[in-house]
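What follows is one structure encoded as structure tokens, with my remarks underneath.
Values below: every heavy atom of this structure, side chains too, minus hydrogens, waters and symmetry copies. Keep in mind that what you see is a predicted model, and the values were worked out from it rather than measured.
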Amino acid sequence: MLGFYREIQIASLYGVSIEADMFYIGTLLPEFIIAVLGTASANIFMRQYHISQEKKDFAWTVFVLLGGVLILICAILFVAFPFIARFIAPGFTDGDLSVLTQMGRIMLGSLVSSVFFGVITASLNMNGRFYMAGLHGLLYNFILIASTFIFVPHLGIYGLAWSYLGANVIRIVLLLPFSWKFFGRFDFGLTLAYWRELPKGTTTYVLTGLQQIFERSFATSIQAGAVAALSYAGRIANLPILLFINSVLTVTYPMMIKQAEEERRERLSETVVLTLKIVLVSLICIELYLLLFRGTLFSLLFQYGKFGEKDSRTLSELLVLFAPVVLLAGINQVLLKTAHAIGKNMLTAVALIAAITVYVLAAKLLHVLGIDSLVWALLIYNAVMTAVLWGGITGSRRGSLPIPIRFGRFAPVCLAGGITWGGLSLLPESGFIGFLAYSVLYFLSFAVLMYGFDREVRGHVQRLLNRKAAMSEEKPSLSTNVAES
């Protein structure tokens with residue numbers, strides 16, 4: 001949620017403008033490399049750390065070597081950034097490119113600290129220090145927001161870059177003392193398996209990063225502010241996935257892995273179908289809500305400072321196109337986890353390559369639609385990925401998994417969404433209090449209709465209530481304990 005507020009902060013400072021575009025383009029390279037050598041390598045690090053006999057030495061060696069690699073990469077990118085800027089921002093003028101180059105060079109320093117951060121948090125998690133590792137998102141965004149308010153009035157657009165760098169460095173300084181005891185001595189031999197696994201583990205992140213680089217660089221050639229508009233609208237549309245869907249998959253993915261290892265294929269199919277239904281119910285409910293109240297949402301959340309009414313209309317139109325994109329993206333998240341659970345790891349790379357190829361072609365062909373072309377291309381991208389993943393998972397080849405999808409199982413979701421949407425869209429809307437009242441009414445109506453229409457939902461609710469009742473009956477009361485004593 002603080003990350004969402006960060007978008008509101010940038011919107012109020014620079015609106016949908018070339019200055020906001022500069023910031024989002026400037027973060028492309030740091031975010032790309034952080035995803036590849038930070039997030040992806042942290043996942044591999046945890047697996048190798050678990051099996052390593054010399055855990056402290058392994059952690060310190062990876063920490064030192066990754067730091068050396070990133071310092072070298074930063075030095076190369078620092079020198080080459082003027083040339084890179086022309087490639088990733090083809091629509092910018094020479095003056096804009098000069099500002100982008102200076103901002104990008106400032107933010108490059110965040111690479112080293114962010115990759116260090118991946119090793120530190122992985123070490124803390126593997127040693128049961130979840131509390132400190134779990135605070136990093138709150139810590140990072142709080143520092144980022146506070147430092148922006150401090151730097152931007154004095155440094156202008158460069159204040160965004162310095163706040164980005166400062167937030168990444170400060171969180172490392174604060175977390176390093178808590179992880180220092182988990183580091184030992186340098187021993188390169190302990191990390192050979194880690195370096196062998198790194199290319200395979202980063203493939204997905206490389207492909208996803210390339211898609212984002214193309215999207216933002218192509219947007220610079222459409223119109224000023226296109227990158228910022230896509231970022232704002234995409235952040236709101238994808239909020240349900242960040243808040244709910246990732247949490248659902250965190251619970252169901254380990255179940256999928258266990259059922260796949262035990263070869264309980266029918267049970268695994270049921271788990272996948274149930275996960276798909278939970279994802280679709282959540283996304284349809286929230287995306288319909290965003291569509292119904294999009295005008296009020298943008299005016300209440302974003303329309304401050306340099307973000308005007310015209311910007312609100314632009315984002316409202318984009319949000320309509322983003323809604324089906326998010327639905328397909330949620331389905332793809334489930335299918336990607338399913339592919340990994342049943343051992344079809346190469347299917348992920350194949351699906352991404354096919355989707356990105358079609359995405360680039362669609363964006364080029366639809367460029368006459370302006371900024372909308374990228375959202376339409378993103379819809380096609382997700383549709384292609386869904387088709388490839390579904391075909392690869394449920395095909396006739398050995399190791400495939402049948403996933404029985406019956407329309408009757410998902411019809412109550414559409415019915416509940418349609419009735420709630422139709423009913424509330426007829427009511428007049430009046431100010432902030434009316435918006436809050438309608439929001440509460442919307443979610444209550446959707447929940448009640450789902451409970452009334454869907455037997456499966458009623459069954460889950462009833463089992464949950466029965467379990468709570470059984471637990472309360474088993475728990476002895478205080479008077480019983482006193483009497484027995």
Polar side-chain atom of [X] near backbone of [Y] as donor-acceptor pair, under 3.5 Å:
X: Arg216; Y: Ile88; answer: no
X: Gln9; Y: Ile145; answer: yes
X: Ser373; Y: Leu369; answer: no
X: Ser231; Y: Val227; answer: no

Interatomic distance, [X] atom [atom1] to [Y] atom [atom2] [nearest 0.5 angstrom]:
X: Ser163; Y: Met107; atom1: OG; atom2: CE; value: 9.0 Å
X: Ile331; Y: Thr275; atom1: CD1; atom2: OG1; value: 12.5 Å
X: Met385; Y: Leu328; atom1: CE; atom2: CG; value: 10.5 Å
X: Thr101; Y: Ile84; atom1: OG1; atom2: CD1; value: 9.5 Å
X: Leu160; Y: Leu165; atom1: CG; atom2: CG; value: 13.0 Å
X: Ile213; Y: Glu215; atom1: CD1; atom2: CD; value: 11.5 Å

Pairs flagged by side chain to side chain donor-acceptor pair (under 3.5 Å) wherever residues 218-229 is involved - sequence neighbours left out: none
Can you run down the side chain to side chain donor-acceptor pair (under 3.5 Å) pairs that involve residues 326-336, sequence neighbours left out, and say none if there aren't any? Asn332-Asn382, Asn332-Thr386
Walk me through it: do Thr338 and Leu389 pass the test side chain to side chain contact (heavy atoms under 4.5 Å, CB included)? CA-CA 9 Å; Thr338 305; Leu389 289 172; over 6 Å; no
Give the C-alpha distance, both sets of side-chain angles, the deciding distance and a yes or no for side chain to side chain contact (heavy atoms under 4.5 Å, CB included) between Val360 and Phe218. CA-CA 10 Å; Val360 172; Phe218 188 79; over 6 Å; no
Pairwise side-chain contact, [X] with [Y], heavy-atom cut-off 4.5 Å (strictly under):
X: Tyr14; Y: Asp21; answer: no
X: Tyr232; Y: Tyr24; answer: yes
X: Arg105; Y: Pro82; answer: yes
X: Thr148; Y: Leu13; answer: yes
X: Ile286; Y: Val326; answer: no
X: Val16; Y: Leu315; answer: yes

Could you go through the side chain to side chain contact (heavy atoms under 4.5 Å, CB included) check for Leu321 and Leu379 one step at a time? CA-CA 8 Å; Leu321 298 176; Leu379 179 62; over 6 Å; no
What's the shortest heavy-atom distance between [X] and [Y], and which atoms?
X: Ala354; Y: Val388; result: CB-CG2, 4.3 Å
X: Gly15; Y: Ala20; result: O-CB, 3.6 Å
X: Leu100; Y: Ala89; result: CD2-CB, 3.8 Å
X: Tyr381; Y: Gln211; result: CE1-CG, 4.0 Å
X: Ser217; Y: Ile25; result: N-CD1, 4.3 Å
X: Pro30; Y: Tyr164; result: CB-OH, 4.0 Å

Ring pair (Phe, Tyr, Trp, His ring centres under 6.0 Å) contacts in which one or both residues fall within residues 268-288, not counting sequence neighbours: none
Can you list every pair that meets salt bridge (charged side-chain N to carboxylate O under 4.0 Å, His left out) and has a residue in residues 345-373, with sequence neighbours left out? none
Near Trp390 CH2, under 6.0 Å, is it more than 12 heavy atoms from other residues, nucleotides or ligands? yes
Residues forming a side chain to side chain donor-acceptor pair (under 3.5 Å) with Ser12, sequence neighbours excluded: none
Could you please spell out the steps behind the side chain to side chain contact (heavy atoms under 4.5 Å, CB included) verdict for Met22 and Asp96? CA-CA 8 Å; Met22 288 178 187; Asp96 297 334; 3.4 Å; yes
Tell me if the centroids of the rings in Phe214 and Tyr359 come within less than 6.0 Å of each other. yes
Salt bridge (charged side-chain N to carboxylate O under 4.0 Å, His left out) against Arg313, all qualifying residues, sequence neighbours excluded: Glu309
